[in-house]
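FYI, side chains are in, hydrogens and waters are out, and symmetry mates aren't considered; it's all heavy atoms of this structure.
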Amino acid sequence: MDWNGDVPPGRTLAARLEDRDRGRFAGRDAELAFLRRCLEADPPASVVHVNGPGGIGKSALLREFARQARDQRLVVVTVDGRELGPTPGTLEAALRDAMGCDHPVVLLDSYEQMTGLDTYLRRELLPALSDRALVIIAGRSAPDQAWFAGGWESVTARLDLGGLPACDAQALLAARGVNDERVPAIIDWAAGSPLALSLAADAAGSDSSWNAARDPDRPEILRPLIHRLVAVELRHVRLPALAIAAVARTTTPELLRALLSPADAEAAYQQLCALTITEPLGDGITLHELVRKALLADLRLRNQELERDLRRRIIDYLYDCAVRGQPLLMIEMAHLVENPLLRWGFGWEGSVGFRIDSVRDDDAARIARQLGDGQDRLWWQLTRRFFAEAPDRVAVARDMDDRTCGYLVCMSQDTAPAFADADPLIGPWLEHARQHANTPAGVRDRDARPDPAPGDLANGRGRGDSVLWHAAVDFTAEGKVQSMLGLAGVLRSGAANPRFAYLPIDPTYPGAVEFARALGATHHLELDATIDGQLVECHRLDYGPGGLLAALRAQVYIELGLPPPAASAPEPAKPVAARPEPALAGDVQAVRRALRDFRVPRDLARNPLAHGDSVQERAESVRLLIREAAQQAFGDNENEKLLRSVLIAGYLEPMRSHEDAASRLCMSRAAYFRRLRTAVERLAEHIASGANGSASGSAGARPDLAAV
């Protein structure tokens with residue numbers, strides 16, 4: 001033993017490093033189980049591509065699997081692309097030990113640094129290995145399509161690594177000695193990145209006063225994070241474009257053209273698309289969340305004026321697009337608001353781990369079980385009727401494992417179902433909204449401004465549309481989907497740019513009253529309701545003459561220390577019709593129903609997208625529409641082809657279950673459902689556009705249409 005008494009004689013430093021690394025590894029059980037199956041006599045794959053952004057834990061996964069393979073007395077050969085020369089002979093020399101083995105395990109890490117050897121690897125080097133060899137290739141870029149053609153598809157699989165779930169993140173922090181009250185904030189800040197968790201654990205261990213919730217932009221964490229994630233990759237990227245991508249939620253070609261010169265915008269967008277740290281989102285691209293947060297914090301430390309100027313110019317651009325008929329851009333606008341009290345109840349922060357979905361047949365029963373026999377039972381019984389009779393006014397929050405995490409019920413004066421007038425909670429609010437459509441909150445009727453002129457009512461100005469929530473319930477107990485419920489409620493309500501909002505506030509719910517006060521809402525005591533002994537307060541919010549869109553822009557200006565601008569002259573988008581004709585080709589719900597009923601002719605024939613006389617003709621017309629759209633809505637690059645494959649495996653040529661489809665595509669369950677949502681959105685957008693070639697788009701990004 002050495003002088004510390006904790007290291008046996010003869011042990012090497014390498015052995016000690018190995019033990020430390022093993023003890024600090026957490027999670028990835030499903031991925032490791034699949035890789036262990038690849039060591040069996042009849043493996044599901046002999047070549048496995050492990051893909052994911054920087055810091056997601058690819059190298060750690062390979063090291064852990066190498067330990068498990070060595071425990072089985074297998075020969076493991078590891079090659080790091082960062083240390084390899086560009087010539088084929090260098091790689092051959094590195095793999096010499098694997099050539100003579102019966103059952104070698106070959107690990108190629110940082111493969112994005114050695115893709116020039118791709119063809120040589122397939123044609124000459126790997127075919128020379130034993131037929132029991134297992135080759136694992138880890139990199140940030142998607143594998144070349146040639147790995148899934150020419151016979152290689154029969155022995156090749158792909159694993160996409162996502163962020164660590166909260167339980168695994170907690171285990172990782174505990175392995176590094178962090179298990180105090182700071183853990184939840186660190187997990188939220190790290191967004192599932194093992195690298196960020198490790199750096200935060202080091203900071204927490206060296207400074208007991210540091211808390212990610214209060215000081216997320218600590219330079220000694222951010223700089224090594226940026227260096228290890230993106231330093232080399234960003235070396236030649238235009239700084240203005242990168243700064244825009246760090247500030248905006250979604251970067252589109254139109255946004256870059258509005259802020260840069262046309263020539264610079266085109267080249268900059270191509271550069272951003274080529275990065276491994278970006279992924280498609282709507283009509284543009286977005287940075288991986290952890291990278292975006294790190295780059296934004298670094299931008300503020302280095303050039304605060306540039307960040308402030310970009311935030312102002314981006315909100316102006318989004319506002320101009322939104323009032324010209326793209327109200328869904330309020331998601332992008334809300335992203336630029338930084339007031340934490342406002343973001344608590346209105347934003348899209350939870351979209352990394354949660355999604356807003358339409359109602360399913362079994363949702364009401366599931367929610368009833370989650371509520372149990374006590375909390376909010378009578379209120380829930382009132383809400384439940386909307387699930388059955390007005391599902392368009394309802395949305396459900398789900399996590400990436402498809403668990404129900406919350407729900408909302410929201411409407412406007414025009415879209416409220418007839419039975420809502422008799423509801424003891426929302427009924428009086430609807431009556432009040434109709435009577436006071438042009439009365440600012442807190443102003444008595446006799447002091448109200450004059451009624452708007454007929455011309456104003458015709459074009460929508462001064463109408464005073466209200467959005468009214470019946471419920472917005474977050475089951476996470478940590479408010480993780482509360483902000484998404486607030487924003488999705490407005491989008492779901494049918495009011496394109498509401499002037500007023502009626503908020504049901506439970507005064508016992510943490511943060512609810514503070515949120516209403518931060519918004520400047522007025523508490524209307526006469527509209528409070530007591531349901532089954534529980535007080536529900538009514539807080540009415542006046543967004544001002546420019547509506548919610550102008551209020552969002554004004555909030556960003558206030559945070560920048562600038563006087564809020566006047567509302568723009570262009571007419572606001574017209575409110576969504578109360579009961580839209582179901583035969584519209586762009587009905588997103590009709591597309592979703594068509595996919596679910598794809599192999600059920602009688603149900604498919606009832607779809608609003610159907611046409612023809614007989615059941616068979618109507619069903620076949622929908623199938624033809626969906627199949628043609630599936631061929632035309634996606635591009636030719638690797639990501640687009642994968643989206644089409646997921647759509648086919650999930651709906652058009654379905655496996656026994658979505659889990660089987662994910663396994664067949666060699667994807668994690670979370671990655672499969674994430675891409676399936678994107679594919680359905682793309683299909684719906686294409687059909688809605690009426691395009692014959694590729695789906696058409698307009699300026700700005702679109703969120704998940706299935707959600708709104």
Side-chain angles (χ1 to χ4, degrees), residues 322-323 325-331 334 345-346 356 358-359 382-383 385-387 389-395 407-423 425-441 452 456-472 484-505 519 521-522 524 527 538-552 571-582 584 587-589 705 707-708:
V323 298
Q326 300 179 59
L328 295 183
L329 287 179
M330 69 174 65
I331 289 179
F346 194 82
I356 301 293
S358 298
V359 178
L382 296 173
T383 303
R385 186 173 181 183
F386 289 88
F387 279 71
E389 300 180 40
D392 288 345
R393 306 279 70 81
V394 183
Y407 65 91
L408 68 88
V409 176
C410 199
M411 66 207 77
S412 70
Q413 301 106 299
D414 288 338
T415 61
F419 68 81
D421 289 323
D423 186 279
L425 176 69
I426 208 73
W429 297 9
L430 280 167
E431 181 180 0
H432 186 275
R434 290 164 184 148
Q435 292 177 354
H436 302 81
N438 297 291
T439 305
D456 287 338
L457 286 175
N459 63 30
R461 287 194 294 268
R463 175 170 169 71
D465 277 346
S466 296
V467 56
L468 306 95
W469 274 269
H470 191 284
M484 296 180 70
L485 295 174
L487 182 47
V490 174
L491 296 171
R492 197 90 175 170
S493 71
N497 184 23
R499 166 72 186 266
F500 303 103
Y502 288 73
L503 312 175
I505 298 296
L519 288 171
T522 299
H524 282 259
L527 296 178
C538 175
H539 291 247
R540 183 180 186 235
L541 173 63
D542 182 0
Y543 291 119
L548 173 57
L549 296 175
L552 285 171
E571 298 176 6
K574 294 180 180 179
V576 178
R579 291 171 177 80
E581 291 296 326
L584 288 174
D587 187 330
V588 177
Q589 298 308 317
L705 292 183
V708 298

- Give the C-alpha distance, both sets of side-chain angles, the deciding distance and a yes or no for side-chain contact (heavy atoms from CB on, under 4.5 Å) between V467 and L548. CA-CA 10 Å; V467 56; L548 173 57; over 6 Å; no
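- Looking at residues two or more places apart in sequence or on another chain, you find a ring-ring contact (aromatic ring centres under 6.0 Å, His included) between F387 and W380, Y407.
- Put simply, the side chain of S358 reaches to within 4.5 Å of the side chain of R492, judged on heavy atoms.
- Scanning all heavy atoms of the two residues, the minimum distance from A521 to H539 falls at CB-CB, 3.9 Å.
- Minimum interatomic distance between A488 and L408 (heavy atoms only, all atoms of both residues): CB-CD2, 3.9 Å.
- For A420 against L430, the heavy-atom pair with the smallest separation is CB-CD1, 3.7 Å.
- With contacts defined as side-chain heavy-atom distances shorter than 4.5 Å, the pair Y502/I426 does not qualify.
- Inter-residue side-chain proximity for W429 and S466 is flagged as unmet; no heavy-atom pair is nearer than 4.5 Å.
- Looking at every heavy atom in both residues, A496 comes nearest to M330 through O-CE, 3.8 Å.
- Classified by interplanar angle (parallel below 30°, tilted 30° to 60°, perpendicular above 60°), the ring pair F386/H470 is tilted.
- Here the shortest heavy-atom pairing between C410 and V490 reads SG-N, 4.5 Å.
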- Message: If you apply the rule side-chain contact (heavy atoms from CB on, under 4.5 Å), what do you find for L485 with I356, and how did you get there?
- Response: CA-CA 8 Å; L485 295 174; I356 301 293; 4.1 Å; yes
- Query: side-chain hydrogen bond (donor to acceptor under 3.5 Å, both in side chains) between Y543 and R499: does it pass, once the steps are laid out?
  - Reply: CA-CA 5 Å; Y543 291 119; R499 166 72 186 266; over 6 Å; no
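- To the nearest 0.5 Å, atoms CD (Q326) and CG (L549) are separated by 11.0 Å.
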- Message: Test side-chain contact (heavy atoms from CB on, under 4.5 Å) on L519 and L503; report intermediate values, then the result.
- Response: CA-CA 11 Å; L519 288 171; L503 312 175; 4.1 Å; yes
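- One finds the OG1 atom of T383 at 8.0 Å from the CG atom of L425 (value rounded to the nearest 0.5 Å).
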- Hey, mind stepping through H524 and T522 against side-chain contact (heavy atoms from CB on, under 4.5 Å) and telling me if it holds? CA-CA 6 Å; H524 282 259; T522 299; 4.1 Å; yes
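- In this structure, OG1 on T415 lies 8.5 Å from CG on L468, to the nearest 0.5 angstrom.
- With hydrogens and angles disregarded, a donor-acceptor distance shorter than 3.5 Å links the side chain of H436 to the backbone of H432.
- Note that CG of D414 is 8.5 Å distant from CZ of R434, once rounded to the nearest 0.5 Å.
- Proximity of a side-chain donor or acceptor of S493 to a complementary backbone N or O of S412 within less than 3.5 Å is not detected.
- The closest donor-acceptor contact from the side chain of N497 to the backbone of G546 lies under 3.5 Å.
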